[in-house]
Amino acid sequence: MTGKFRIQKLSQVSIRVRDLDTAVRFYQETLGFQLLFRVPKMAFFDCGGVRIMLGVPEAPQFDHPSSIFYFYVEDMDDAYETLRSRGVSFHDAPHKIAEMGQSEIWMAFFHDPDQNLHAITSEKPIQR
């Protein structure tokens, strides 16, 4: 490649929802994302500089489950217990996925109100 083209960062992701009011409450109150603004059939949140757009499908080609989003947390155990206390139902407890050098990758998977699958993820230093 010879040009200077380079994708700089992820700017926005879209998550398909059926009931926008329910989804807004979940992402704002349960997950704790900051609501940026809301327009008919869409709401936008900030997640560490990446916009998350919740949208009611406008056409059949947009009516599908979202990709899996992995939300990074500093303290897996605290995040897991906090979200459980807010009514989030996890598939299983946090568990180690892999070791990467000096750290371990941990995850726990959950569904939002529209059954989109997401996870919280964290890196823990390896205790040797």
Would you sort out whether His111 and Leu117 count as a side chain to side chain contact (heavy atoms under 4.5 Å, CB included), showing the intermediate values? CA-CA 5 Å; His111 282 104; Leu117 183 65; 3.9 Å; yes
Salt bridge (charged side-chain N to carboxylate O under 4.0 Å, His left out) evaluation trace for Asp19 with Arg25: CA-CA 10 Å; Asp19 180 331; Arg25 277 192 304 277; 5.6 Å; no
CA sep, side-chain torsions, deciding dist, call: Asp114, Arg16, side chain to side chain contact (heavy atoms under 4.5 Å, CB included): CA-CA 8 Å; Asp114 289 280; Arg16 186 262 311 145; 3.9 Å; yes
Using the rule given for side chain to side chain contact (heavy atoms under 4.5 Å, CB included), can you reason through Trp106 versus Ile120, listing the C-alpha separation, both sets of side-chain angles and the distance that settles it, and then say yes or no? CA-CA 8 Å; Trp106 284 70; Ile120 52 174; over 6 Å; no
When you look at Phe44 and Phe33, which way does the side chain to side chain contact (heavy atoms under 4.5 Å, CB included) test go after all the steps? CA-CA 10 Å; Phe44 295 81; Phe33 292 139; over 6 Å; no
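Linking ILVMFWY side-chain heavy atoms closer than 4.5 Å, directly or via other members, places Leu31 and Leu10 in a single hydrophobic cluster. Transitive grouping of hydrophobic side chains (ILVMFWY, heavy atoms separated by less than 4.5 Å) brings Phe37 and Met42 into a common cluster. The cluster map of Ile, Leu, Val, Met, Phe, Trp and Tyr, joined by side-chain heavy atoms under 4.5 Å apart, puts Val13 and Val17 in the same cluster. Cluster annotation: Phe109 is not connected to Leu83 through the hydrophobic network of ILVMFWY side chains, with a link wherever side-chain heavy atoms come within less than 4.5 Å.
For the atom pair CG (Asp78) and OG (Ser122), the distance works out to 10.5 Å, reported to the nearest 0.5 Å.
The 12-atom threshold is exceeded at CD of Gln115, counting heavy atoms of other residues, nucleotides or ligands nearer than 6.0 Å. More than 12 heavy atoms of other shown residues, nucleotides or ligands fall within 6.0 angstrom of atom CZ in Arg86.
Minimum interatomic distance between Ser103 and Glu123 (heavy atoms only, all atoms of both residues): OG-OE1, 3.1 Å. Nearest approach of Ala108 to Ala93, heavy atoms of both residues: CB-C, 4.4 Å. Scanning all heavy atoms of the two residues, the minimum distance from Thr22 to Pro113 falls at CG2-CB, 3.7 Å. Taking every heavy atom of both residues into account, Asn116 and Ser66 meet most closely at OD1-N, 3.0 Å.
Among residues at least two apart or in separate chains, there is no side chain to side chain donor-acceptor pair (under 3.5 Å) pair with a member in residues 67-76.
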Show me, pair by pair, the donor-acceptor contacts under 3.5 angstrom made by side chains of residues 46-56, not counting sequence neighbours?
residue, atom, partner, partner atom, Å
Asp46, OD1, Gly49, N, 3.0
Arg51, NE, Gln12, OE1, 2.8
Arg51, NH2, Gln12, OE1, 3.2

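Among residues two or more places apart in sequence or in another chain, the ring pair (Phe, Tyr, Trp, His ring centres under 6.0 Å) test is passed with Phe69 by His118. Every ring pair (Phe, Tyr, Trp, His ring centres under 6.0 Å) that Phe90 has, sequence neighbours left out, goes to Tyr80, Phe110. Residues satisfying the side-chain contact (heavy atoms from CB on, under 4.5 Å) test with Ile97, not counting sequence neighbours, are His95, Ile105, Met107. Not a single ring pair (Phe, Tyr, Trp, His ring centres under 6.0 Å) links Phe26 to another residue, sequence neighbours left out.
Arg18 places a side-chain heavy atom less than 4.5 Å from the side chain of Asp63. Inter-residue side-chain proximity for Phe45 and Leu36 is flagged as unmet; no heavy-atom pair is nearer than 4.5 Å.
Ser85 places a side-chain N or O within 3.5 Å of a backbone atom of Thr82 that can act as its donor or acceptor partner.
The pair Lys124-Glu104 fails the salt-bridge criterion, with no side-chain N (NZ, NE, NH1 or NH2) lying under 4.0 Å from an Asp/Glu carboxylate O.
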